[in-house]
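The model shown is predicted, which means the values in this text are computed figures rather than measured ones.
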Amino acid sequence: MKNLSYPLSLLLLFLSIISFAQNSKKFSAEGEFTANCEGPAVDSEGNVYAVNFARDGTIAQMNKRGKSGFFVTLPKGSTGNGIRFADKNTFFVADFTGHNILKVDIITKNITVFANEPRMNQPNDLAITKSGNIFCSDPNWKEGTGQIWHVSPQGKTRLVAEKMGTTNGIDISPDEKTLYVNESVQRNVWAFDLATDGTLSNKRLIHTFADGGMDGMRCDVLGNLYIARHGKGEVAVLSPEGKILHTITTIGKKVSNICFGGKNGKTCYITLQDRGCLETFKAPTAGREWQMMEEFSAKK
């Protein structure tokens, strides 16, 4: 008789992979958002926010059950894309038509221009450090090029990476020593060393996909990257070194962005531009942005 015993660690790894193999599920009602459905983010109460609800230039708030309603309308000429929380009651929005980074107070619903940069092509997605340093991907879709901007906690803009492909999804590692950005058209995922002053160095390629596009991207607390595969109908999970760990199949094909929330930070919410709604799935590990919100909420 063969010995069928295996190390416990291998058994647990096998079971975790089996349990993670899944598809996304419906969250909000289909058709509520425009074809620019984007930028999900979760507040300390578990409410989910996304841009371009019913018409472009708006932001919706959804409760934990996926019921949606208007939250704010952005200033005339502004259209939101990525959203990132900077503290418990404040989030920033990449305004791709106004060339702005907008600041929104979720208590007063007051909206201000935090940074305006006419040299930006189209501010797309945002990443943020605990101290409030913002990084903004900035693609030029017509030319197939892109760049990355740093926005200081005081709202001062600085170009920190140029001559790239169509920069899109962007995030920061849990230790805040690495910045990741992907290029939608070129299908590359890049990593940079990140200095405390926002300077980027040691650019290196960690993964190239053979097909499909890429859009928003977020890190979990282990530093794994969850990448929205726009047009591919999936979310790919990469290790910090760029190895594909898992793939989640989505209902819609045009997955535009992703965020983490839920009671334990393991609920992922994704925006679908072809379905005009949000879907959800469970991750095995909590998200970095959820952990940041926990720390924001703990502050007096």
Side-chain angles (χ1 to χ4, degrees), residues 22-74 78-95 102-111 125-126 128 169 215-218 220 226 228 230 235 248 250-283 286-294 296-297:
Q22 61 173 296
N23 299 339
S24 64
K25 300 178 181 179
K26 295 179 180 179
F27 179 66
S28 67
E30 188 169 1
E32 290 187 324
F33 289 82
T34 76
N36 287 318
C37 181
E38 256 278 7
V42 180
D43 66 19
S44 61
E45 302 298 321
N47 299 304
V48 185
Y49 300 80
V51 301
N52 304 317
F53 179 69
R55 62 180 184 274
D56 287 350
T58 62
I59 296 179
Q61 182 190 72
M62 287 152 279
N63 64 21
K64 299 174 185 178
R65 296 175 297 279
K67 184 178 180 180
S68 309
F70 282 103
F71 183 67
V72 293
T73 298
L74 300 180
S78 293
T79 312
N81 203 79
I83 299 176
R84 287 309 295 261
F85 273 88
D87 59 46
K88 183 179 178 181
N89 297 319
T90 306
F91 64 71
F92 291 102
V93 184
D95 169 14
L102 302 175
K103 183 177 182 180
V104 180
D105 185 313
I106 68 169
I107 303 301
T108 65
K109 298 188 179 182
N110 185 47
I111 304 171
D125 208 357
L126 305 175
I128 192 167
D215 211 317
M217 180 169 69
R218 291 291 178 261
D220 67 13
Y226 285 63
H230 193 279
V235 174
I248 299 92
T250 61
I251 302 170
K253 293 296 183 183
K254 296 182 178 180
V255 195
S256 59
N257 219 323
I258 182 170
C259 70
F260 284 81
K263 185 177 180 180
N264 57 10
K266 298 179 181 180
T267 301
C268 292
Y269 300 97
I270 51 176
T271 45
L272 283 298
Q273 293 184 332
D274 53 338
R275 296 188 63 233
C277 63
L278 276 74
E279 298 173 14
T280 187
F281 65 89
K282 294 290 185 179
R288 169 183 171 264
E289 62 185 329
W290 175 84
Q291 186 180 61
M292 289 176 67
M293 182 58 76
E294 290 287 287
F296 294 152
S297 300

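Nearest heavy atoms, Lys88 versus Met293: CA-SD, 4.0 Å. Gly252 and Glu279 make their closest contact through N-OE2, 3.0 Å (heavy atoms, listed as atom of the first residue, atom of the second, distance). Taking all atoms of both residues into account, the shortest heavy-atom contact from Gly262 to Trp290 is O-NE1, 3.2 Å. The shortest heavy-atom contact between Gly82 and Leu126 is O-CD1, 3.9 Å. Shown here for Ala54 and Phe70, the closest heavy-atom pair between the two residues is CB-CZ, 3.7 Å. The nearest pair of heavy atoms linking Ala283 to Tyr226 is CB-OH, 3.5 Å.
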Going by atom type alone, with no hydrogens or angles, which donor-acceptor pairs under 3.5 Å involve a side-chain atom of residues 36-43 and a protein atom two or more places apart or on another chain?
| unit_1 | atom_1 | unit_2 | atom_2 | d |
| --- | --- | --- | --- | --- |
| Asn36 | ND2 | Asp56 | OD2 | 2.9 |
| Glu38 | OE1 | Asn257 | ND2 | 2.8 |
| Asp43 | OD1 | Glu45 | N | 2.9 |
| Asp43 | OD1 | Gly46 | N | 3.0 |
| Asp43 | OD1 | Asn47 | N | 2.9 |
| Asp43 | OD2 | Asn47 | ND2 | 3.1 |
| Asp43 | OD2 | Tyr49 | OH | 2.7 |

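The distance from atom OH of Tyr269 to atom SG of Cys259, rounded to the nearest 0.5 Å, is 7.5 Å. To the nearest 0.5 angstrom, Gln291 atom CD is 11.0 Å from Phe296 atom CZ. Separation of atoms OG (Ser44) and CG (Asp87) is listed at 10.0 Å; rounding is to 0.5 Å. To the nearest 0.5 Å, atom CG of residue Asn110 and atom CG of residue Asp105 are 6.5 Å apart. A distance of 7.0 Å separates CD1 of Ile258 from CD1 of Ile248, quoted to the nearest 0.5 Å. The CG atom of Leu272 lies 9.0 Å from the NE2 atom of His230; values are rounded to the nearest 0.5 Å.
The shortest distance between side-chain heavy atoms of Asp220 and Arg288 does not fall below 4.5 Å. Residues Phe85 and Ile106 form a side-chain contact, since some pair of their non-hydrogen atoms from C-beta on lies under 4.5 Å apart. Side-chain contact between Phe27 and Met62: present, with at least one pair of heavy atoms (C-beta onward) separated by less than 4.5 Å. For the pair Arg218/Asp125, a side-chain contact is recorded, criterion being any heavy-atom separation below 4.5 Å from C-beta on. Using a 4.5 Å cut-off on side-chain heavy atoms (C-beta onward), Val235 and Thr250 make contact. Contact of the Asn81 side chain with the Val51 side chain is not registered, since no non-hydrogen atoms from C-beta on lie closer than 4.5 Å. Using a 4.5 Å cut-off on side-chain heavy atoms (C-beta onward), Ile128 and Phe91 make no contact.
Side-chain N or O atoms of Thr79 include none that pairs as donor or acceptor with a backbone N or O of Gly57 at under 3.5 Å. Remark: side-chain polar atoms of Thr58 are paired, donor with acceptor, to backbone N or O of Phe53 under 3.5 angstrom. In this structure, Ser28 contributes its side chain and Cys277 its backbone to no donor-acceptor pair below 3.5 Å.
Pairs passing the side-chain hydrogen bond (donor to acceptor under 3.5 Å, both in side chains) check and including a residue from residues 63-73, sequence neighbours excluded, read Glu32-Ser68.
Remark: of the listed residues Val93, Ile111, Asp95, Asp95 is the sole one forming a side chain to side chain contact (heavy atoms under 4.5 Å, CB included) with Ser78.
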side-chain contact (heavy atoms from CB on, under 4.5 Å) between Thr280 and Ile270, intermediate numbers included: CA-CA 6 Å; Thr280 187; Ile270 51 176; over 6 Å; no
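Judged as a side chain to side chain contact (heavy atoms under 4.5 Å, CB included), and not counting sequence neighbours, the contacts of Lys26 are Ile251, Arg275.
For the residue pair Asn52 and Thr34, no side-chain donor N or O sits within less than 3.5 Å of a side-chain acceptor on the partner.
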